Amino acid sequence: MAARDHLRGTLDVLVLKTLAWGPRHGYAIARWLEQHSSEVLRVEDGSLYPALYRMEQRGWITSDRRASELGRPAKFYQLTAAGRNHLKNETAEWLAFSRTVTHLLEAEP
Amino acid sequence: MNGRRDLYGTGSPTGKPLREPIFGRTTGDEVADELEFHVEMRARELEAQGVDPALARRMAIERFDNLEVVAAECRRLADRRVTTMNRIRYIHDFLGDIRFAVRMLSRRRAFAVLAILTIGLGIGAATAIYSLVDAVLLRPLPFSDPGRLVAVWVAENGWKTDPVMSRQWDRIVLGQTEYDALREHATLLSEVALWSSGSAMLAESDGSERINTIRATANMLPLLRVRPALGRGFLPGEDVLGGPRVAMLSWESWQSRYGGDSGMVGRSITLNETRYTVVGVLPRGLELDRSGAAIPVWVPALQDSFDIAERNNRAYRAVGRLVPGATIAQANTQASAVIGAVARSPNSGMGARIEDWQDDQTRGVRDSLLAIFGAVGLLLGIACVNVATLMLAEGARRERETAARLALGAAPSRLARQLLAENLTVHLLGGLVGVVLAAAGIRALVALAPPGLPGLADVAMDWRVLGFALACTLVTGLAFGLIPAIALARRSRRSSILLGAGVTTKDSGRLQRVLIAAEVALALVLLVGCSLLGHSLQRLSAVNPGFAAENRAVVRFASPRAFWSDDQRVRNFYHTALEDLRNLPGVIAVSGSSATPFAGGASSSPTRAEGRVYPDGERGVQTQQRSALPGFFEALDIPLQAGRTFTATDRDGGELVVIISESAARRDWPNESAIGKRLHWQGQWRTVIGIVGDVKFSGLSRDDEPTVYVPFDQYPDSDAALVVHVQGDPAAMAKIIGARIAPFDPAVAVTSITPMTELIANSYKQERYRTLLVSLFGVLASTLAAVGMFGVTARMVSQRMHEAGIRVALGAPVGALTRLMVGETMRGVALGVVMGLPAALLVARYLSPQLFSVHPVDPVAFGTALLLLTASTLVATLPPLSRARRVDPARVLRTE
């Protein structure tokens with residue numbers, strides 16, 4: 001359970017990151033994650049959307065309907081102030097954590 | 001579209017479609033749209049890489065693993081969000097309504113102030129009275145498991161009908177005999193402890209002071225499950241005849257007299273010229289008798305020879321603790337058998353009475369308090385009805401605005417909700433005003449309260465009282481706020497298109513009548529209660545006490561044992577005092593007795609008339625007894641019916657004589673003159689030399705009690721109180737009298753010098769307090785009711801003016817129309833009287849035990865109430881009705 005929560009948390013942060021540069025719809029988020037995670041970290045389409053809905057309820061993101069590439073309105077997501085805050089905190093925490101782990105793994109006896 | 005429905009599932013998981021509030025689409029649609037968009041985008045991309053379109057779509061869907069499960073999960077999450085949002089929006093809307101209400105109210109300031117003050121008055125009065133009821137009746141005693149603490153009394157069934165003893169037949173104190181028996185055999189009481197209150201002279205560095213004391217058995221503190229704050233309590237073996245002289249200090253006296261010095265334990269204090277070793281300090285706030293004054297010192301009970309010398313001496317009240325599972329009734333039966341078994345004469349009908357300790361303490365005041373609480377409830381009811389009528393009237397004034405908003409498409413439910421919010425706001429603000437009024441009211445209530453109200457010291461504005469105020473506010477706000485709201489919703493459903501003024505329907509006419517009727521009914525009940533209590537108080541205060549009270553001062557003393565165990569010293573003191581005061585300028589007469597009327601000290605014992613046979617063996621019948629100083633009957637103007645009063649020859653060693661009261665003469669020698677007959681009293685035969693009128697002794701409402709008077713010299717009593725008949729104001733003479741008496745005997749202290757009229761007035765303070773409060777609420781309530789009726793009638797007239805104008809213009813006589821309106825108003829009043837009378841009769845029946853020589857269905861009281869009501873109805877409704885007579889058809893038609 002703890003591991004899954006952690007993974008879910010990671011996905012949340014990554015999704016928030018994709019929205020840091022402006023509103024996107026779900027497919028654009030998925031595409032961005034695919035392109036930048038170089039197949040190492042594969043995000044399932046099936047877990048992306050529940051994550052979006054969950055974060056919307058938490059108030060980290062909001063949605064509205066905007067014109068899309070297909071010519072009909074699609075649901076676009078956008079960071080809220082709370083979401084931006086959360087992203088900042090999580091990023092800082094993750095960087096500190098990974099630095100420590102890296103440091104430990106590269107350590108000489 | 002069908003394929004898509006299969007793909008993404010339908011509706012919400014709960015089965016009923018939830019509305020996405022912004023787009024008016026279900027969450028199911030929203031999720032399906034979004035996922036479909038994703039699938040299409042993905043497929044398009046794959047096609048661009050050369051994949052076959054059908055395959056591309058399948059691949060896009062497969063990337064979801066199980067699209068249907070994902071869709072369902074998303075729908076669930078979306079639904080939850082919508083629910084939360086709806087909830088937030090509802091609260092937001094309601095706050096908006098409140099804001100709107102405040103804006104509306106501030107625009108109609110006069111209306112708002114009137115409504116808020118009315119509610120505030122009702123809630124304030126109710127809250128203040130509740131604080132009293134709560135502290136006295138409801139709040140549990142501050143002991144562990146207080147529900148199992150019981151008062152234990154001896155009851156003598158044979159006394160129920162005895163004129164002297166009937167008031168205390170089931171409140172007889174206990175003695176050592178009953179105590180031992182109960183502790184041994186009453187197994188349903190895990191423990192029984194004795195206590196009694198008294199007083200003693202406490203020696204201090206600067207003279208001595210009279211203080212109240214409690215004598216308690218050693219098991220009292222363990223029974224109450226309290227521990228001493230310091231030191232120890234009394235030990236078993238200390239509460240016995242000749243036990244060690246030990247004492248406990250109350251926390252409060254330890255603090256105030258001895259500065260909280262922890263070295264007090266082990267030191268000694270001097271009570272009644274005897275040294276007592278302080279063994280401990282009682283916990284803070286410990287009270288056995290919540291109605292009495294503070295008790296600074298406790299000493300062990302049962303140390304005096306008085307306690308065991310004779311089986312019949314009983315001096316203690318008792319408290320017990322029920323064993324778990326036992327009921328009061330069971331314990332009562334058992335204890336009655338135990339007491340009956342140790343009674344002196346087995347057939348005497350003696351038993352026990354066990355009652356919840358708190359109920360026992362509040363026995364004398366419960367009915368009064370509940371009557372006051374009932375009165376304030378009626379006041380609150382009238383206040384609420386009033387505000388509802390004000391709201392309706394206000395609604396009528398806003399009719400055009402309301403109609404316009406309805407015509408513009410506002411939902412009636414929305415307008416009703418706004419009206420409800422407005423009412424709630426009024427009630428909440430009124431509640432706030434009420435709490436402020438109650439805080440002031442509580443102070444006045446406590447200041448005016450009669451002495452001896454148990455728990456009076458605990459009356460305060462606390463969380464329980466504030467909770468009551470809030471509950472009152474919300475309940476009345478919702479209940480009465482709904483009336484105008486529902487009226488609006490109903491009216492708007494029928495006549496939302498009527499933009500003109502004066503929308504009248506049969507419905508609103510009926511509502512008006514019901515409101516008038518409700519005000520009349522509530523006011524009638526309260527007024528009947530008021531006039532019954534007022535009438536009773538008037539009768540009570542007009543009772544002739546049997547003696548002259550004006551210009552008499554009563555002087556009371558306190559003295560130590562060294563004084564009162566020396567009969568000659570007592571005689572000397574009183575004779576010197578009498579002799580000296582008699583010569584004081586301005587003094588007409590001086591005398592006194594062991595029990596001067598309304599000054600306490602009454603006692604009784606059995607008497608036997610010579611030659612009569614009594615059912616109770618040789619004991620005779622209970623008779624009140626007094627030792628009278630020379631000139632007692634003259635000083636109080638007690639009429640001599642036959643024979644003579646005491647003279648200087650009736651002294652110690654002279655012939656044993658007695659004067660009896662009229663009721664005693666009637667009882668003992670019903671068919672012959674009592675003069676010259678012999679009466680057996682306190683082990684001696686005495687000759688009756690005179691018959692005097694009966695006097696009220698402790699209460700004006702009490703029946704005449706057969707009384708014997710013996711010469712003071714033949715039976716001296718150290719606790720005699722003096723009566724000084726003076727010219728002019730007795731209060732003004734008090735200082736001079738006190739200064740004269742002080743040097744006669746250094747051991748005797750004057751405790752009070754009080755005008756007799758004041759003592760008598762104090763004897764019915766509780767009745768006066770109750771009547772004062774109920775009357776105050778009655779006056780307030782009938783004023784409010786009158787204001788309310790004025791409002792309703794004025795509204796009716798203003799609504800009908802329009803109709804009246806047209807009718808008059810068409811030739812109808814003005815008088816007929818006025819008669820119609822008067823008739824309508826009177827129908828409401830009549831309905832109110834019809835509803836109120838049965839309720840008033842019920843209340844009168846409930847009050848009847850509290851009434852003195854007034855029949856519950858007293859025609860004068862009911863007549864007064866109806867008259868007052870009629871008068872206030874006329875005053876309230878005539879001005880608006882007479883306005884209807886001056887209808888000007890031309891003006892009415894112009895507004896059309």
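Below, chain A is the first sequence line, B the second, and so on; all start at residue 1. Values in this document were obtained by computation on a predicted structure and should not be read as measured data.
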Under the salt bridge (charged side-chain N to carboxylate O under 4.0 Å, His left out) rule, what do A:Glu56 and B:Arg80 come out as? Steps first, then yes or no, please.
CA-CA 11 Å; A:Glu56 194 174 4; B:Arg80 202 194 297 164; over 6 Å; no

Taking the side chain as everything from C-beta on, heavy atoms only, tell me whether A:Arg72 gets closer than 4.5 Å to B:Asp33.
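When only atoms from C-beta onward are counted, B:Asp33 and A:Arg72 do not touch, as no gap falls below 4.5 Å.
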
[atom1] of [X] to [atom2] of [Y]: how many Å apart, nearest 0.5 Å?
X: A:Leu48; Y: B:Leu35; atom1: CG; atom2: CG; value: 9.5 Å
X: A:Gln57; Y: B:Thr83; atom1: CD; atom2: OG1; value: 8.5 Å
X: B:His38; Y: A:Ile29; atom1: NE2; atom2: CD1; value: 10.5 Å
X: A:Leu70; Y: B:Glu36; atom1: CG; atom2: CD; value: 9.5 Å

Take B:Glu73 and A:Arg54 through the side-chain contact (heavy atoms from CB on, under 4.5 Å) test and state the conclusion after the steps.
CA-CA 10 Å; B:Glu73 170 75 357; A:Arg54 213 172 294 118; 4.0 Å; yes

Which heavy-atom pair separates A:Pro50 from B:Val70 by the least distance, and what is that distance?
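Minimum heavy-atom contact is CD-CG1, 4.1 Å.
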
In terms of heavy-atom proximity below 4.5 Å to chain A, should B:Arg42 be classed as side chain, backbone, both, or neither?
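Both backbone and side chain of B:Arg42 come within 4.5 Å of chain A.
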
A:Tyr53 vs B:Arg76, side-chain contact (heavy atoms from CB on, under 4.5 Å): CA-CA, chis, key distance, verdict:
CA-CA 9 Å; A:Tyr53 278 83; B:Arg76 194 178 61 79; over 6 Å; no

Report the C-alpha separation of B:Met41 and A:His25 in whole Å, then their side-chain angles, then the decisive distance to 0.1 Å, and conclude whether the side-chain contact (heavy atoms from CB on, under 4.5 Å) test is met.
CA-CA 11 Å; B:Met41 289 292 285; A:His25 51 64; 4.3 Å; yes

Output yes when B:Arg44 and A:Glu69 qualify as a salt bridge under the 4.0 Å nitrogen-oxygen rule, no when they do not.
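No, this pair does not count.
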
Chain B heavy atoms under 4.5 Å from A:Ala30: which part of the residue, side chain, backbone, both or neither?
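The side chain, not the backbone.
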
Between the side chains of A:Tyr27 and B:Glu40, is a donor N or O closer than 3.5 angstrom to an acceptor N or O?
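No, B:Glu40 and A:Tyr27 have no side-chain donor paired with an acceptor closer than 3.5 Å.
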
State whether the number of non-hydrogen atoms from other residues, nucleotides or ligands found under 6.0 Å of B:Trp463 atom CH2 is greater than 12.
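No.
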
